[in-house]
Enquirer: 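Structure in structure tokens, see below.
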2 protein chains.
Amino acid sequence: MTYRAPVADYQFILDHLVGFDAIAATDRFAEADADMARAILTEAGRMCDDVLAPLNRAGDLSPAALEDGVVRTSPGFADGFRAIAEGGWVGISADPEHGGMGLPVALASSVNEMMSAACLALQLAPLMGQGQIEALEHHASDELKALYLPKLLAGEWIGTMNLTEPQAGSDVGALSSKAEPNGDGTYAISGQKIFITWGDNDFTENTSHLVLARLPDGVPGTKGISLFLVPKFIPDADGKPGQANSLRVVSLEHKMGIHGSPTCVMEYDRATGWLVGREHGGMAAMFTMMNNARLGVGGQGVGVAERACQHALAYALERRQGRTAPAGDATGAIIDHADVRRMLLTMKAETFAARSIMLACAAATDMQTATGDADWAARAALLTPIAKINGSETGIAVSELGVQVHGGMGYIEETGAAQLSRDARICAIYEGTNGIQAMDLVARKMMDGGEAAARLLDEIESHAEGARADLPDLAGPVWEAAESMREATEWLVAQDDMNDRFAGAVPYARAFARVLGGHFHLKAALADRGGAREKLARFFIARLLPDHAGLLAHAQSGAGEIYALSVEDLGG
Amino acid sequence: MTYRAPVADYQFILDHLVGFDAIAATDRFAEADADMARAILTEAGRMCDDVLAPLNRAGDLSPAALEDGVVRTSPGFADGFRAIAEGGWVGISADPEHGGMGLPVALASSVNEMMSAACLALQLAPLMGQGQIEALEHHASDELKALYLPKLLAGEWIGTMNLTEPQAGSDVGALSSKAEPNGDGTYAISGQKIFITWGDNDFTENTSHLVLARLPDGVPGTKGISLFLVPKFIPDADGKPGQANSLRVVSLEHKMGIHGSPTCVMEYDRATGWLVGREHGGMAAMFTMMNNARLGVGGQGVGVAERACQHALAYALERRQGRTAPAGDATGAIIDHADVRRMLLTMKAETFAARSIMLACAAATDMQTATGDADWAARAALLTPIAKINGSETGIAVSELGVQVHGGMGYIEETGAAQLSRDARICAIYEGTNGIQAMDLVARKMMDGGEAAARLLDEIESHAEGARADLPDLAGPVWEAAESMREATEWLVAQDDMNDRFAGAVPYARAFARVLGGHFHLKAALADRGGAREKLARFFIARLLPDHAGLLAHAQSGAGEIYALSVEDLGG
């Protein structure tokens, strides 16, 4: 199964859809011009194609394993991680002060997407590292930054996030891990953490854990939580790993997919840790990590979707079955069949839309960073849960279509289509389930009374107005859809009982993604009149955009019917 | 993970939704009264709960394996199959002449659904047997019937279907297996067949293969194909298995799910076979097998969906996480959250709709059998692909929601939710992919100019009219949806270029299932005023039925956009 990073697609989206030129025009990202972007995407693409993509299957067939307390990684993963580290791809958007490239998140997200497509299980290692780096940059002391950031950025160490405990998943405030001051500025961290991605490995000299725990005077709930940096081996002043810390991997989970990613149960037994941020201020640092990771997980879904597209297309061009369609460019293979084409076009159109949404979110983040403008911050905040939900659901839906294009062969593991589908499934779950993301969207992100959403919908409508003369059949439906979305948003913010919002939160987020997808396809059509992108836009807008209406009916139904059935009615 | 067969649900649907009383009023099914139905469902349910359901996990963890040319089945499967055989559940709807129970397909489908829920991988064995039995009943000589049917019905032997070859999947006419007359009334069968479900086992004394092959004078394509019965061991006149036939299992497939079901590559090397039906008439017999199996596969999806509902509900009632909702019957568990409720209600409402559609199809089949009425035959023919598509997609979607309800635990295999999702995935693929089913729906099933569909939509509209006084908020949307479906059907049959139909065939089938789901939920609401079923109907009709509009927009888009993109445009 081959994969080629879709470099031209990133460039097109950056140049024509999400305003990369505006990012490059800021002082902060002055170096990130079009040439730099092309060079970065091309070089990262080459590594993904040549080094990472061939590892994907090995990760599935030879999962990470725990042997004598040490995680043994899948064949080739050590080399793959070294290539990522040496390319500087862990720290693309990190502060250059400690060794990062300082490039826009829009580029980092593109590279992260490629790496996910090439080998999702391995890409989780740098993704976790990036979250930790950002948390340390924003919240750690200068000493900790100087000691840890160069190691993490160079990929000499791997970073992890330790949030979840058996009784504290989405409800992180329920955690019971403890931290006690040692009196020397360090803390003794004790507790069990679960679902720790890349909690250990056999190819970096150290692992740096960020652990949420509660100090003795921490109040119950999220306000009493602090964040600690807990290394596997305690580094000396020069950063040389020394004494083993009092922590261990208890076991690995047996998962549906991403077998190459070791998902650890970690135990900390008075392990030595250093405070990151202020005491009881752990949640702020955690949100820094998670915001980064949420966009990253959306991008993982897009990456798997892209690979599924390429994989299914290759099969559809090779597999001969049934009489061919009378199309002009009939190939004699199953791609000639209308239903196979419907699936392939759906896959391609969905992936393009999801990538555009992800990069629009990344671009907004960059503009926020570069300008400090509150509107850009609100835009990035609004788009983050949408990008996470839509990216992950696109990964799942498109990889599932990829299985279907393969017919019976899709269900056979050797084909590789099933692995993409199993791998993609995690993206709707981790870094905050999609349900949690949707609640964030309709509650926190609507605390402005829907202003940020309205501004975005204004832009979409005014763009559609401008496109009406050239592409009336495409611009009209996009405008109408945005208007429906505006009405739904107004309905939503008028609901004081949050359950009335929550009951339709996921359909609302899906509808928003449909409208955004229509918008970006329309923009693409304008930039490629008569070309493949206009044709793909026509497919998306005629066939997939109409979904928004059903979703919005669902979104505006309120919580009444949801709670009308008693637990007994449900069979409980 | 426990499972309890939803006996009350079958009874409700049979009694109030699909006209089981009319079936029982026919001479053919005079014995199948309400008492008999209750007894059958209760007894089968007990076996599914107590004997089959506990085997499901073992099938996943200890897949069928090929050892020294013999298939070793998963732990407990031999006992499970014996329980099915001894209960008479292989032959519920088979002709009593050879040992069947002669009961309606509506009951057989209910029992098949339960068995699928309890252990999908094992249930495939009796399902394949049923297909073979029906094919033999309709097409085999009296001698073959007398020799094989009692063995198959008693579950002493297992039956298989051998259609697919590497180059001949959906395009069965491309097969290259050969049959040569031996001169003594038997034939020498040679060729390789793939994807042979339950191609061998270690618990029945014989396996009876139905094999499609081409005689020397068979023309290319489907019209030159004949069907042969090829036993693993050649039985003597008393049915005692004797000499080993010249056939073998070459290998087993490594699949995404249903690990307990051995999916065999079979090789026939001048194996002795007996003709079933007339020479070159194999396709007719194959359609008999497949029609049975198609409804059965739809039912498999419903079964997995039901189990996923029960499994997710149990978790949602047990898992405590986050602040509880202010609902009256707050439990303190995650079921109090609006988004979790949305998922659970979606699962339950979808499963009910899919079960109703499946049983409506089964009931039409029974009325066709009992009355010979062409309208019932057309109804059954129309509903079969819809039941297959909708049942399988419901299994996939609902089991995926089941994973999501479990959050992080859903991705961990020990939980069992992931297995349901992996298992369900096959149902959209085998016995004719859903794409093939949809093509059948919009082409063959519309050769009457859409009359059968129009009659069904007439009934739905007139039922909605009748319900308007009592339940205007539910009846109105159902009537409207049926009317949209009628318009779409009229558009469809007006398309002479079949690709214009095929390009939207799957969305058309999905929309039809939405309309049928709305109809059956409305019927259920009328029969349970103020009860849980009315509340569930309100959920379905307000939130899920509106999907039909987007689907119908897709369905009526024609093939233009589908073929506008060249292979090169697609990246090929």
Side-chain angles (χ1 to χ4, degrees), chain A residues 169-171 195 253-256 313 317 321-322 325 327 329 331 335 338-339 341-342 344-345 348 404 407-408 410-414 418 426 428-429 433 435 439 499 502-503 505-506 532 535-536 538-539 542-543 546-547 549-550 553-554 557 559 561-567 569-572, chain B residues 169-171 195 253-256 313 317 321-322 325 327 329 331 335 338-339 341-342 344-345 348 404 407-408 410-414 418 426 428-429 433 435 439 499 502-503 505-506 532 535-536 538-539 542-543 546-547 549-550 553-554 557 559 561-567 569-572:
Chain A
S170 298
D171 184 13
F195 298 156
E253 304 292 355
H254 177 214
K255 306 187 299 298
M256 186 181 187
L313 178 64
L317 284 168
Q321 197 71 184
D329 64 345
T331 63
I335 194 171
D339 186 60
R341 284 214 172 223
R342 175 191 62 83
L344 292 171
L345 265 75
K348 199 171 173 74
Q404 196 69 19
Y411 203 63
I412 307 299
E413 286 287 356
E414 279 75 0
I426 187 59
I429 297 172
T433 64
M439 290 166 76
N499 279 328
F502 293 155
V506 167
K535 296 172 195 164
L536 195 64
R538 192 154 269 120
F539 177 91
R543 293 167 191 257
D547 289 350
H554 194 160
S557 296
E561 293 139 13
I562 295 265
Y563 289 106
L565 275 92
S566 68
V567 165
D569 287 338
L570 281 165
Chain B
S170 299
D171 183 13
F195 299 156
E253 304 292 354
H254 176 214
K255 305 187 300 299
M256 187 181 186
L313 178 65
L317 283 168
Q321 196 72 183
D329 64 345
T331 63
I335 195 171
D339 187 60
R341 284 213 172 223
R342 175 190 63 82
L344 291 171
L345 266 75
K348 199 172 174 72
Q404 196 68 19
Y411 203 64
I412 307 299
E413 286 288 356
E414 279 75 0
I426 188 59
I429 297 173
T433 64
M439 288 166 76
N499 279 329
F502 292 155
V506 167
K535 296 172 194 164
L536 195 64
R538 193 154 269 122
F539 177 90
R543 293 167 191 257
D547 289 351
H554 194 158
S557 296
E561 293 140 13
I562 295 264
Y563 289 107
L565 275 92
S566 67
V567 165
D569 286 339
L570 281 165

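Letters A, B, ... are given to chains in the order of the sequence lines, protein chains preceding strands, and every chain is numbered from 1.
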Enquirer: Starting at CG of B/D569, measure out to NZ of A/K535 and round the result to the nearest 0.5 Å.
Expert: 4.5 Å
Enquirer: With a 4.5 Å heavy-atom cut-off, do B/H254 and A/I412 have their side chains touching?
Expert: no
Enquirer: Can any side-chain N or O of A/Q321 pair as donor or acceptor with the backbone N or O of B/S170 at less than 3.5 Å?
Expert: yes
Enquirer: Please tell me if the side chains of B/E413 and A/M256 come closer than 4.5 Å, counting only heavy atoms from C-beta onward.
Expert: yes
Enquirer: Tell me, for B/Y411 versus chain A, whether the close heavy atoms (under 4.5 Å) come from the side chain, the backbone, both or neither.
Expert: both
Enquirer: Sort out for me which of B/E253, B/R538, B/E561, B/E414 touches chain A most, counting heavy-atom pairs under 4.5 Å.
Expert: B/E561
Enquirer: Of the backbone (N, CA, C, O) and the side chain (C-beta and beyond), which part of B/A549 lies under 4.5 Å from a heavy atom of chain A, both, or neither?
Expert: neither
Enquirer: Just so I understand: if I count every heavy-atom pair under 4.5 Å between each of A/G550, A/G408, A/S557, A/G169 and chain B, which residue has the most?
Expert: A/S557
Enquirer: Is chain A contacted by the side chain of B/I426, its backbone, both, or neither, given a heavy-atom distance below 4.5 Å?
Expert: both
Enquirer: Give, as side chain, backbone, both or neither, the part of A/K348 having an atom under 4.5 angstrom from any heavy atom of chain B.
Expert: side chain
Enquirer: Testing the basics here: between A/D171 and B/G322, what is the closest heavy-atom pair and its distance to 0.1 Å?
Expert: OD2-N, 3.1 Å
Enquirer: Could you check which of B/V506, B/I335, B/I562 has the highest count of heavy-atom pairs closer than 4.5 Å to chain A?
Expert: B/I562
Enquirer: Can you name the residues that form a side-chain contact (heavy atoms from CB on, under 4.5 Å) with A/A559, not counting sequence neighbours?
Expert: A/N499, A/D500, A/A503, A/Y563
Enquirer: Could you go through the side-chain contact (heavy atoms from CB on, under 4.5 Å) check for A/L345 and B/L570 one step at a time?
Expert: CA-CA 8 Å; A/L345 265 75; B/L570 281 165; 3.7 Å; yes
Enquirer: With only heavy atoms counted, which part of A/L317 is less than 4.5 Å from chain B, the side chain, the backbone, both or neither?
Expert: side chain
Enquirer: Looking at residues at least two apart in the chain, or sitting in another chain, which of them share a side-chain contact (heavy atoms from CB on, under 4.5 Å) with A/A428?
Expert: A/S392, A/I396, A/R425, A/N434, B/Q404
Enquirer: Check B/G571 against A/L313 and note the closest heavy-atom contact, atom names and distance.
Expert: C-CD2, 3.5 Å
Enquirer: Tell me, for A/F539 versus chain B, whether the close heavy atoms (under 4.5 Å) come from the side chain, the backbone, both or neither.
Expert: both
Enquirer: Can you tell me if B/R341 uses its side chain to pair, donor with acceptor, with the backbone of A/L565 under 3.5 Å?
Expert: yes
